[in-house]
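Notes follow once the structure below has been shown.
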Number of protein chains: 2
Amino acid sequence: MAFRTDLEDTIVALATPQGVGAIALIRLSGPKAIGLTNQVFHGKDLTQVKSHTVHFGTIRDGERILDEVLVSVFREPRSFTKENITEISCHGSPYLAQQIIKLLIRQGARPARAGEFTQRAFLHGQFDLAQAEAIADIISADSEAAHRAAMQQMRGGFSAEIKRLREKLVHFASMVELELDFGEEDVEFADRDDLRQLVEELQKVIQALIDSFDVGNVIKNGVPTVIAGKPNAGKSTLLNALLQEEKAIVSDIAGTTRDFIEDELILGGVSFRFIDTAGLRETTDTVEAMGVERTQAKMKEASLILYLFDLKAEPLTEILQEVNRLENQGIPFIPIGNKIDQASEEVREALEKRGDFALISAKAGEHLEVLKELVLAKTQLDSFRTGDTLVTNVRHYDSLLRTRDSLGKVLEGLAVSVTGDFLAMDIRQALHYLGEITGEITTDDLLANIFSKFCIGK
Amino acid sequence: MAFRTDLEDTIVALATPQGVGAIALIRLSGPKAIGLTNQVFHGKDLTQVKSHTVHFGTIRDGERILDEVLVSVFREPRSFTKENITEISCHGSPYLAQQIIKLLIRQGARPARAGEFTQRAFLHGQFDLAQAEAIADIISADSEAAHRAAMQQMRGGFSAEIKRLREKLVHFASMVELELDFGEEDVEFADRDDLRQLVEELQKVIQALIDSFDVGNVIKNGVPTVIAGKPNAGKSTLLNALLQEEKAIVSDIAGTTRDFIEDELILGGVSFRFIDTAGLRETTDTVEAMGVERTQAKMKEASLILYLFDLKAEPLTEILQEVNRLENQGIPFIPIGNKIDQASEEVREALEKRGDFALISAKAGEHLEVLKELVLAKTQLDSFRTGDTLVTNVRHYDSLLRTRDSLGKVLEGLAVSVTGDFLAMDIRQALHYLGEITGEITTDDLLANIFSKFCIGK
């Protein structure tokens, strides 16, 4: 796809969600945006109005009035795309919006591809690639944490960090490359010790960014949380109580839940993806049913396990054995004593003494607040509030891993005193990967891949 | 509900459809719309900017940046509601829009009720009630015909007609009432012959409007079209072929369609609501199954029946008998010979000679275009293109019926020379009903009833 060659087109798309509403917004961008809109607009001559002004009038298809509208005019470069933009605010009828878009296409506009407005903004230097990607993240963010991370990225926090790293490396790369011009002469413009120190510093920063992906990823996609436990321990009841709505089918018959029901709960601004599982029907040694196997697999993928015990039915010794086993697995978990209202005095006292159990009644919805606090404490995701840069994008994560590897090779080269041309190659490679993140290095394929995931009209 | 008393509130709502998109629009209206928006907006001082201008900035909740936005400012009375309006164009994330709306509510805005923006526009005299109602019709219009009718109403065509009628009557009403002031004296300012002539003229116009509701209603809601015929005649197959998608379950087993499947097809700008029916399993004399009874009922409600015959299985004599019976029912119908590719030479020739049959193969999708043209010709709804006023609103229809009855009483009174006070009463009653249409006569209940059917944000 020749993305850079069709900037002469004027593109059009519905910018607001599909469906019925009070208002729908149709957006045009490109050299002829104002002229094309003016051809179908009856009101002021839009070609003569100032940028950032709004005008009332009608959209007409020949004699037929399609709608009474407001048109906002933005003149390049003072617009989102840095091109001429018009936004037509019409009545929120899908039929009507479609008619107006068809009319504009007949006038010479082209339907916009997914993400094409944002892509044009990027190509015209409105923002870098990481910032463009953050726009999609902002639109899909559904928790405070995800929104904060995306907003920081869109505002350029992450980009600034990457650029700082690149600039330092660029300096050394050019010094090393300068040496090459002197061919056989044995000069070193780039001090090797300084270079090693710089690369080691960069490695630390990059490693920190890589590590932040663990948090960034779960903040963006939700903390995968498994509710596990023996059949009939009350797993579905707990999920429902937490969601305060009936998403899972609850029954007294053990084994009701055959499939994985995913749902989301926002706690303290963080999204938790709760994964209900088929009950652990057999002892953990003799796993048989497929649902149980899958539960085991899910537990290994989880960031957090809520492990439910039926205090009415399960003997204390077995419960404590199971907790021991879980502790040895190394996955963060919260042991939950369910049906506390039906537990024996002895069991209740023993577990209260331990202090690590959440003692609840899922059915009665009792002590759930305590459980929620435990969940938040266990995940320690409050760091999103500190404003530290978080890597949330798997593409960025991937580029950072490659950067780290390239820098590793630079260090290896320095250790064995390789020649300048090899050093320069590895430094350039690291620069390439860093540049991919912010879009200083791009290919049409990369852009197509990124922007095709956007919605049409963005 | 005290609708007129809370115009001092500044109201806020999402104006664009729910869901994910590039852009969401949040609208505020009321005395403090600009001030409240300015409290959370970082950029230019919005209280100082001109009307109809757009401003880039950020929405902040304390230190936290919620989004980068464009804010359009409209100063009263140059706005939709004739109040101060701001429109905040933010990224199209449901989470984000909700956060911004919550923030504005904390600043002092009130969530808007359904239709409250349009209601305020009406209360401030932006347009009359019939025009306000047309806005909802424009939003829900999904065919050219429905859109044209709604647009004509919104642009005031219908209102102008009603106002013309009212003005003529008002003149006579005041003349008759003037007579009452003279008490016992036997004066007649209002010439009784002139009055009779006027009322008769009005009756004609109102009757024409009442009659137009037949067309207006089907244009707004779709022409109810029944596909009928014996089991296995190919009714579901025809519906699917017409819709070019698989909405009905098609099988070779007679009686597959147990329920009514409604779907819509736009032909020549008119919406047809196709109603698939349970097959007419028995002869029409011995109706048994409930589905068949319901089919009979549906056929009576229909504006058009597509009656399908299986040319492969049904004998010609029976087909022609059935057509005779249908002709006697008086409902417009189109006899369709299906499976024409499997019909005998004799049957094909006989039906071709008659000329009133649509001869098709629903399965192969053959000759469907001819059928579509027949459907359009049969309904004769092209009148919507003439620009004649159509009554599409059942509330208006109802008021017109009452107006007609009141005018009937005026004529009866004139025939028996009743006294002026009785005449005046009936004329005032007719004026009242006409005034209800355009909102010159309103009650809070009437307004609440009308605007509560709007969507929030409109």
Side-chain angles (χ1 to χ4, degrees), chain A residues 13-25 27 50-56 58 64-68 70 72-74 78-80 87 89-96 99 115 117-118 135 137-144 146-148 150-152 154-155 266 454-458, chain B residues 13-25 27 50-56 58 64-68 70 72-74 78-80 87 89-96 99 115 117-118 135 137-144 146-148 150-152 154-155 266 454-458:
Chain A
L14 182 70
T16 45
Q18 293 284 349
V20 170
I23 293 176
L25 216 64
R27 180 154 61 166
K50 280 189 193 165
S51 185
H52 289 65
T53 55
V54 190
H55 307 275
F56 178 79
T58 55
R64 182 181 167 207
I65 296 174
L66 285 180
D67 203 7
E68 296 181 350
L70 288 173
S72 303
V73 172
F74 304 89
R78 290 183 56 208
S79 79
F80 174 65
E87 287 182 359
S89 169
C90 67
H91 286 101
S93 143
Y95 167 80
L96 192 56
Q99 296 302 308
F117 291 90
T118 310
I135 292 177
D137 292 346
I138 282 178
I139 289 173
S140 64
D142 61 357
S143 71
E144 184 187 337
H147 172 258
R148 274 181 190 269
M151 185 54 69
Q152 216 222 0
M154 189 182 81
R155 301 282 293 177
I266 312 287
F454 276 59
C455 56
I456 303 272
K458 182 70 248 175
Chain B
L14 182 69
T16 45
Q18 293 284 349
V20 170
I23 293 176
L25 216 64
R27 181 153 61 165
K50 281 188 191 164
S51 185
H52 289 66
T53 56
V54 190
H55 306 275
F56 177 80
T58 54
R64 182 180 167 206
I65 295 174
L66 284 180
D67 203 8
E68 296 181 349
L70 287 172
S72 303
V73 173
F74 304 90
R78 290 182 55 207
S79 79
F80 175 66
E87 288 183 358
S89 169
C90 67
H91 285 101
S93 142
Y95 167 80
L96 192 56
Q99 296 303 308
F117 291 90
T118 308
I135 292 177
D137 291 346
I138 282 179
I139 289 172
S140 65
D142 62 357
S143 71
E144 185 188 337
H147 172 258
R148 273 181 190 269
M151 185 53 68
Q152 216 222 1
M154 190 182 81
R155 300 283 291 178
I266 312 288
F454 276 58
C455 54
I456 303 272
K458 181 70 247 176

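Lettering of chains follows the sequences in order, A, B, ..., and the numbering in each one begins at 1.
Checked against salt bridge (Lys or Arg N to Asp or Glu O under 4.0 Å), A:Arg155 has the following partners two or more places apart in sequence or in another chain: B:Glu68.
When the candidates B:Gly115, B:Ser140, B:Ser51, B:Ser93 are compared by the number of heavy-atom contacts under 4.5 Å with chain A, B:Ser93 comes out ahead. Ranked by heavy-atom pairs under 4.5 Å with chain A, the first of B:Gln99, B:His55, B:Met151 is B:Met151. Among A:Gly19, A:Ala141, A:Ala15, the residue making the largest number of heavy-atom pairs under 4.5 Å with chain B is A:Ala15. The greatest number of non-hydrogen atom pairs below 4.5 Å with chain B, out of A:Leu70, A:Val20, A:Leu14, is found for A:Val20.
Heavy atoms closer than 4.5 Å to chain B are found in both the backbone and the side chain of A:Thr53. Looking at A:Arg64, the atoms closer than 4.5 Å to chain B (heavy atoms on both sides) all sit in the side chain, from C-beta outward. In this structure, the portion of B:Phe74 lying under 4.5 Å from any heavy atom of chain A is its side chain and not its backbone. With a 4.5 angstrom heavy-atom cutoff, A:Thr58 touches chain B only via side-chain atoms. Proximity to chain B is limited to the side chain of A:Leu25, based on heavy atoms less than 4.5 angstrom apart. With a 4.5 angstrom heavy-atom cutoff, B:Leu66 touches chain A via backbone and side-chain atoms both. The part of A:Glu87 that comes within reach of chain B is its side chain, from C-beta onward, which places non-hydrogen atoms under 4.5 angstrom from that chain.
Taking each heavy atom of A:Ile139 and B:Gly92 in turn, the nearest pair found is CG2-O, 3.6 Å. Between A:His91 and B:Ile138, the closest heavy-atom pair is CB-CG2, 3.9 Å. What you find for B:Ala22 and A:Cys455 is that their closest heavy atoms are N-SG, 4.0 Å. Between B:Thr16 and B:Ala24 the shortest heavy-atom distance is OG1-CA, 3.5 Å.
The backbone N or O of A:Gly457 sits less than 3.5 Å from a side-chain atom of A:Arg27, completing a donor-acceptor pair.
The closest side-chain heavy-atom distance from B:Glu144 to B:His147 is not below 4.5 Å. Side-chain atoms of A:His52 and A:Val73, non-hydrogen and from C-beta on, never get closer than 4.5 Å to each other.
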